[in-house]
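Have a look at the structure below before the remarks.
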2 protein chains.
Amino acid sequence: MQEKLRQHIEKIIPLNDDEFAFVWSHFTVKKFKKHQFLIQVGEEVKYSHFVASGLLKLVYTDDMEKQHIVSFAMEEWWESDYYAFYTQSKATLSLECLEDTVVFCLSFEDYRKLCDGLQKMERFFLEKSNFGFLGSQRRIISLLTSSAQERYEQLLKRSPSLIQRVPKSLLAAYLGVSRETLSRFSR
Amino acid sequence: MQEKLRQHIEKIIPLNDDEFAFVWSHFTVKKFKKHQFLIQVGEEVKYSHFVASGLLKLVYTDDMEKQHIVSFAMEEWWESDYYAFYTQSKATLSLECLEDTVVFCLSFEDYRKLCDGLQKMERFFLEKSNFGFLGSQRRIISLLTSSAQERYEQLLKRSPSLIQRVPKSLLAAYLGVSRETLSRFSR
DNA sequence: ATTGGGTCTTGACATATCTCACGAATATAT
DNA sequence: ATATATTCGTGAGATATGTCAAGACCCAAT
């Protein structure tokens, strides 16, 4: 079970058994059913979540109650409302299961302890953060430069598996386009 | 001169004189005039830059030769084509001075040495990366949820100083809206 | 004083996308 | 098996924004 996390970390930095045991001791395993919430707007954000299996959506809900998808979290993704997590404030985003999901949870306190206790893990999280930043930057460029249809085609190319797993209305909410407009692209 | 960098770092982690001397030894100072390029598309990206004074634009140029502004870098910002920097590949973005500018340059090699030699600096860069990621995420949400006019008003509120320093055509290129459309908002 | 480059505004028209409405197809729960 | 909710596609009209063109303004250099 925890092997998934170990392999994930070892893609970036090698760990011996003792080190991984130390790492693993900071996590707790939680299981959720489709439609359950890991984070709700206004509540405390206790954990950063490593997705062992399943699929989640991180959502911003606007004044009109319209949902916008900040990101999808599949296997091997880390996900949380990170602003609230790092600043230990209340959630402005929600995190909800699109499928039955298993996550490994890391509290903010344990996150700090882990980094302080094992130098390598601070390095690991730095790499993760850098990749997250670069991914966001690429998405911004896509939003600035491409039409809705082009963004849809880019998404198909980059994440073909997503299309099988989530309804198109959610892809639309991720791309920043209406459900109906996206529907007309397929033709 | 280097005091600016020290104060900047000490907002996040305290340093004694020896530690800062060690940090500073990894940087080189460079000065540029308005219109000069720090990074050009296709060239190597040697440095991450700390802006001591001045103003820069990080630009993505599309197939139609249209410019899109990934970010503005003012005093105390770190800027580079970070994808190319981290992967040591060729630049896809350009970095150009909008004003006469002084930067402190950190090569990739020195960046690694700095992190390895002084634990605290890895921590510092992790904080920076996290903030960069959160900033990008907020901009994505803004692009997904708000009209061009709303995004303009948000920018005015968040960075009123920018408006004095850069032509509106560049603000438009940052917001993802045409120069003409942005011009009509002021009324 | 004059020139030339950059900036800003504005009008007219084109186009992408949104919204609302409806119905068909499909999945899900009882 | 039936009922119910979700999902998907499509038409028609509204709206935001883009594009092209013209002119006004400002400022630095000659």
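Each chain gets a letter, A, B and so on, in the order the sequences are listed, and its residues count up from 1. Heavy-atom basis, side chains included; hydrogens, waters and symmetry copies ignored.
A:Q164 has its CD atom 12 Å from the P atom of D:dC8, to the nearest Å. At whole-Å resolution of the value, CD in A:E65 and P in C:dT19 are 15 Å apart. Between the NZ atom of B:K34 and the C1' atom of D:dC27 there is a distance of 11 Å, rounded to whole Å. The NZ-P distance, from A:K33 to C:dA29, rounds to 11 Å in whole Å. Put simply, CD on A:Q67 is 15 Å from C1' on D:dT7, counting in whole angstrom units.
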Using the 3.5 Å cut-off, write out each protein N or O paired with an N or O of nucleotides 17-21 of chain D and the distance between them.
unit_1	atom_1	unit_2	atom_2	d
D:dT17	OP1	B:A148	N	2.9
D:dG18	OP1	B:S178	N	3.3
D:dG18	OP2	B:S178	N	2.9
D:dG18	OP2	B:S178	OG	3.1
D:dG18	OP2	B:T181	OG1	2.9
D:dT19	O4	B:R184	NH2	3.1
D:dC20	N4	B:E180	OE2	3.1

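The cationic atom of B:R139 (NZ for Lys, CZ for Arg) lies less than 6.0 Å from the six-membered ring centre of B:Y174 and within 45° of the ring axis. For the pair A:R138 and A:F133, the cation does not sit on the ring face, since its NZ or CZ is not both under 6.0 Å from the ring centre and inside 45° of the axis.
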- Query: Can A:E122 and A:R112 be said to form a salt bridge (charged side-chain N to carboxylate O under 4.0 Å, His left out), step by step?
  - Reply: CA-CA 9 Å; A:E122 191 137 69; A:R112 289 293 353 134; 3.3 Å; yes

- Message: Please evaluate residues B:N130 and A:Y82 with respect to the criterion side chain to side chain contact (heavy atoms under 4.5 Å, CB included), reporting the C-alpha separation (whole Å), side-chain torsions for both, the decisive distance (0.1 Å), and the verdict.
- Response: CA-CA 9 Å; B:N130 283 339; A:Y82 280 109; over 6 Å; no

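For the OP1/OP2 pair of D:dT6 and a distance below 4.0 Å, the side-chain nitrogens and oxygens of A:K168 include no atom meeting the criterion.
Using a distance-only test at 3.5 Å, with no hydrogens or angles considered, no donor-acceptor pair links the side chain of B:Q164 to the main chain of B:S161.
A heavy-atom distance below 4.5 Å is found between the side chains of A:I39 and A:S80.
Screening A:F125, A:F131, A:Y111 for a ring pair (Phe, Tyr, Trp, His ring centres under 6.0 Å) with A:W78, the sole residue that qualifies is A:F125.
Contacts between residues 54-63 of chain A and DNA chain C, counted as heavy-atom distances below 4.0 Å, involve no residue at all.
Nearest nucleotide to the side chain of B:S183, out of C:dT28, C:dT10, D:dG9: C:dT10.
Expressed to the nearest 0.5 Å, how far CZ of B:F50 lies from NZ of B:K128 amounts to 8.5 Å.
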